[in-house]
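Note that ligands are numbered from 1 as they come in the structure, with each ligand's atoms numbered from 1 the same way.
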Amino acid sequence: MIPCWRYLRSSKSVLGFVFVASVIWLLLDMAVLRLSVRDVNTRLLKERVIRRQDLTRRQDKVTPLMETFLEESVVKQEVSDKVSDGVDVQPVGLYRRRKDKAAVKDNQNRRGNPSKVKPDSVAKEPVDLQNGVEKNDSVALSRRAVNAKIIEPAKAAPNTSVRVFNQPRAVKEQPPVQELPLKEDNQKEPPNQGARNTSSAKDEKLQLQNNSIVAHPVKASVHQVLSLDATAAPRDPDAVGQFGQPATVPSEDSVKMKQRWNEGFFNVYLSEQIPLDRAIPDTRPEICAGNVVHDELPSTSVILCFVDEVWSTLLRSVHSVLNRSPPHLLKEIILVDDFSKKRYLKENLDHYMANFSKVRIIHLQERQGLIRARMAGAAVATGEVLTFLDSHVECNVGWLEPLLERIYLDRSKVACPVIDVISDQDMSYKMVDNFQRGIFTWPLTFGWNALSDEYVKKNNMTAADPIRCPVMAGGLFSIDKKYFYQLGAYDPGLEVWGGENMEISFKVWMCGGQIEIIPCSRVGHIFRGQNPYQFPNDRRKTVERNLARVAEVWLDEYKELFYGHGYRHLLDNIVSDIGDLSQQIQLRAKLKCKSFKWYLDNVYPELEAPLVKAAGLVFNRGLRTCLSVHAGVLFFETCDLSKQSQHFNYTWLKQIRQEDMCVDHNEGRLILQPCSVERTALHWLHKSSKSKLPQHLVAENGGKQACMEVIKSSKVHILHLAACNVDSLFQQWEFTNYYAQ
Ligand code: UDP
Ligand code: MN
């Protein structure tokens with residue numbers, strides 16, 4: 001027993017020695033390892049610290065994909081500096097940024113730019129949960145487009161020259177688009193946008209059960225959304241405008257600044273001082289970075305159209321796409337030069353972009369306008385999804401995947417990023433409030449409408465949930481390319497700018513698709529006070545004409561609301577020729593699109609859209625009886641709501657109407673005539689806030705005013721036009737119901 005104990009005691013001390021030695025060795029080893037790691041990472045760590053100070057919520061997890069991406073973009077940044085030197089652009093800061101204010105949420109400015117358009121009070125927030133966010137897809141997702149005929153993609157616009165850089169790929173004509181059915185079974189299981197959890201097994205099961213899925217074969221694996229950003233560690237953290245901070249021009253340069261302003265109707269001079277690849281704050285709601293998307297997202301062609309765009313903003317737009325898009329999803333960037341006059345947008349631009357193999361440039365040989373320019377870009381696009389952007393934007397981190405994800409899940413969805421604001425004054429990048437949707441008020445005026453806290457709560461919405469929009473702002477969106485052509489693309493008869501956002505929005509909703517704002521996708525945009533380019537014809541007339549085309553094709557009987565809100569003059573063909581609409585009307589029939597009434601009921605029920613201004617009986621205060629029709633003749637009788645012959649409408653075109661007949665005049669006597677929408681047709685002012693005679697029915701005829709009056713007679717009362725008399729009760733009229741002022 002004792003020798004055994006001794007033996008154990010001696011081996012105990014050996015064991016103790018071995019233990020102590022290994023601890024010392026381990027500590028030494030760790031110290032050496034730390035030293036070498038520090039060597040490698042010092043620069044990176046420093047940059048990260050800087051970055052983290054200014055940008056919160058950025059994801060720095062480096063994946064293998066991100067590593068390749070960062071390597072690629074370093075090369076590109078160098079090229080970008082080199083080449084930009086040649087065209088007199090200084091990408092590093094000359095002035096120091098203002099360090100005091102972080103470029104974050106700016107509620108004051110919220111309505112500023114995208115949001116300067118104040119939503120009319122009539123456009124209330126949505127009330128119907130069914131039509132709210134993501135609650136009832138089946139309501140709005142018409143399957144009618146299933147039978148839509150294939151629509152050939154528009155051929156490359158006439159007079160188009162296409163340049164392809166560093167690519168063996170020639171510009172081919174697009175093959176005819178195969179029709180893809182917009183079937184229920186074409187939709188994939190969403191990977192639970194808000195949550196981190198997805199069930200790939202569930203997705204695979206869905207796929208197996210459903211062998212008729214034809215679009216994007218579903219491989220159900222998912223990944224956390226990529227937060228790739230080549231600018232995450234900017235070379236010059238002190239550069240002007242870096243991190244999207246507001247910047248100022250020193251007072252001695254203010255003359256230069258003012259001189260350059262009109263080149264773009266924003267601070268062009270300041271923009272030139274800001275790096276083309278500046279970092280901007282990640283404005284996504286916090287939960288977005290943790291969301292997952294499918295691995296098999298479709299690729300996209302990013303199309304940027306421009307006419308006389310400012311050099312620095314055009315390049316910053318392109319770099320932001322290159323720097324913050326996953327390379328495998330970015331098929332190409334197509335720049336469509338809409339016959340710009342500025343010389344730097346020709347050879348200089350070609351030369352610069354030759355360094356970026358993904359960038360292609362189309363120089364149009366004739367001014368086509370934004371709408372046809374986009375179609376020229378789409379016609380040569382090779383990606384599965386078209387992503388349209390303006391030429392003065394900055395795409396934010398993680399902007400692309402959430403858009404493509406929505407389209408991957410349902411190819412009839414049109415996905416729009418939240419449009420953050422790049423200040424036209426100090427070029428700062430500002431986050432806009434979440435929970436905003438695109439709406440319109442009469443006469444087709446675009447605006448933003450904030451969802452109330454109450455609505456958000458009631459619908460259990462998170463800040464990352466897609467928001468269904470009655471209309472899109474127009475400049476920035478992604479759409480499945482085949483779906484775009486299936487819808488007949490844009491109306492090519494729309495000129496220059498304006499109304500195209502309404503056209504595509506109505507077309508998408510009414511012909512089976514949906515429009516959504518995706519809060520996890522953010523793109524900054526410079527909102528300008530004026531369009532800096534020329535309109536070949538009068539600007540106002542161009543926009544009005546575009547809107548009238550949209551109203552005629554899509555608004556059905558509601559087009560009277562459009563004309564009745566200040567656009568009556570457009571009804572006169574001589575004053576405004578809105579062109580041939582037959583193809584657009586045919587297209588709508590071919591696609592079996594739903595009615596505008598359906599759109600109002602299901603997509604935008606909050607809009608006040610009474611079809612008439614007033615309706616019911618037309619009561620005369622002096623005679624105390626009502627207007628009626630018998631055998632096509634107007635006369636008076638005791639008021640009786642049950643008699644259809646006494647029912648009249650007071651329309652948006654200010655006609656007094658019963659079915660197809662309108663109250664008109666013939667040598668002073670009032671009669672019924674078939675209604676005409678001509679501007680010259682007789683129309684009546686009534687209850688107008690501007691009129692001194694609100695109770696009267698005042699006819700405006702050839703510049704003269706006259707009032708509807710009934711002369712009491714023992715036989716037949718006479719209805720005629722008389723000189724207006726404020727006090728006469730025989731000139732005062734009342735409809736049973738009033739729906740609008
Ligand atoms: N644009 C174009 N051709 C035109 C008018 C506009 O290519 O005839 C381009 C313009 O350069 C910009 C985009 O279309 O990139 C949208 O125009 P803008 O920014 O003026 O519209 P907004 O943002 O004010 O709605
Ligand atoms: Mn714009």
Side-chain angles (χ1 to χ4, degrees), residues 112-117 157 159-160 262-266 268 271 302-318 320-321 333-342 344-345 349 361-379 386-395 416-417 419-424 427 432 438 440 444-448 471-477 490 492-505 523-543 545-547:
N113 318 320
S115 355
K116 232 168 212 165
V117 193
N159 300 322
T160 298
N262 288 7
E263 282 175 39
F265 286 104
F266 65 91
V268 175
S271 174
V302 172
I303 300 171
L304 280 97
C305 301
F306 60 91
V307 55
D308 293 324
E309 183 60 68
V310 169
W311 175 264
S312 58
T313 40
L314 176 62
L315 266 57
R316 201 171 290 117
S317 307
V318 173
S320 76
V321 175
I333 300 177
I334 301 173
L335 300 180
V336 186
D337 165 21
D338 188 11
F339 199 51
S340 298
K341 294 198 178 92
K342 303 255 197 268
Y344 60 76
L345 294 170
L349 185 68
I361 305 182
I362 301 174
H363 292 289
L364 299 176
Q365 299 302 297
E366 210 174 86
R367 179 77 179 275
Q368 294 294 335
L370 156 70
I371 295 105
R372 289 193 298 271
R374 279 188 186 158
M375 293 212 272
L386 305 171
T387 298
F388 294 104
L389 297 178
D390 273 11
S391 47
H392 32 263
V393 297
E394 286 173 70
C395 297
C416 311
I419 312 178
D420 282 333
V421 173
I422 301 171
S423 161
D424 56 345
M427 295 298 290
V432 300
F440 74 88
L444 298 184
T445 309
F446 179 80
W448 298 99
V471 288
M472 65 158 92
L476 328 177
F477 64 97
Y490 281 112
L494 301 175
E495 301 289 342
V496 192
W497 177 95
E500 87 292 344
N501 58 332
M502 298 291 152
E503 198 238 353
I504 196 94
S505 301
V523 177
H525 171 258
I526 306 176
F527 293 89
R528 296 93 57 96
Q530 285 181 51
N531 302 105
Y533 40 80
Q534 297 275 308
F535 276 69
N537 296 311
D538 181 85
R539 182 189 188 278
R540 185 181 57 83
K541 284 189 182 151
T542 307
V543 177
R545 181 184 173 279
N546 286 352
L547 288 173

Using modelled atom types and a 3.5 Å cut-off, is there a donor and acceptor pairing between side-chain atoms of [X] and backbone atoms of [Y]?
{"X": "R539", "Y": "F535", "result": "no"}
{"X": "R316", "Y": "S271", "result": "yes"}
{"X": "E500", "Y": "G498", "result": "yes"}
{"X": "R367", "Y": "F339", "result": "no"}

Parallel, tilted or perpendicular: ring planes of H525 versus H392, cut at 30 and 60 degrees: tilted

Whether W311 and Y344 hold their rings parallel, tilted or perpendicular, with breakpoints at 30° and 60°: perpendicular

Starting from the N and O atoms of ligand 1, collect every protein N/O partner closer than 3.5 Å and put each pair on its own line with the distance to 0.1 Å.
unit_1	atom_1	unit_2	atom_2	d
ligand 1	3 (N)	D338	OD2	2.7
ligand 1	3 (N)	L370	N	3.3
ligand 1	7 (O)	F306	N	3.4
ligand 1	8 (O)	D338	OD2	3.3
ligand 1	8 (O)	R367	NE	3.0
ligand 1	8 (O)	R367	NH2	2.7
ligand 1	11 (O)	V307	N	3.2
ligand 1	15 (O)	C305	O	2.8
ligand 1	15 (O)	S391	N	3.1
ligand 1	15 (O)	S391	OG	2.7
ligand 1	19 (O)	D390	OD2	3.2
ligand 1	19 (O)	H392	NE2	3.0
ligand 1	19 (O)	R528	NH2	3.3
ligand 1	20 (O)	R528	NH2	3.1
ligand 1	20 (O)	N531	ND2	3.2
ligand 1	20 (O)	Y533	OH	2.6
ligand 1	21 (O)	W497	NE1	2.9
ligand 1	23 (O)	D390	OD2	3.0
ligand 1	23 (O)	H525	NE2	3.1
ligand 1	25 (O)	W497	NE1	3.3

Residue and atom, protein N/O/S, under 2.8 Å of the Mn ion (ligand 2): D390 OD2, H392 NE2, H525 NE2

Qualifying residues under salt bridge (Lys or Arg N to Asp or Glu O under 4.0 Å), relative to D308, sequence neighbours excluded: none

Residues in salt bridge (Lys or Arg N to Asp or Glu O under 4.0 Å) contact with R545, at least two apart in sequence or another chain: none

Passing candidate, side chain to side chain contact (heavy atoms under 4.5 Å, CB included) with I526, options T313, V421, D390: T313

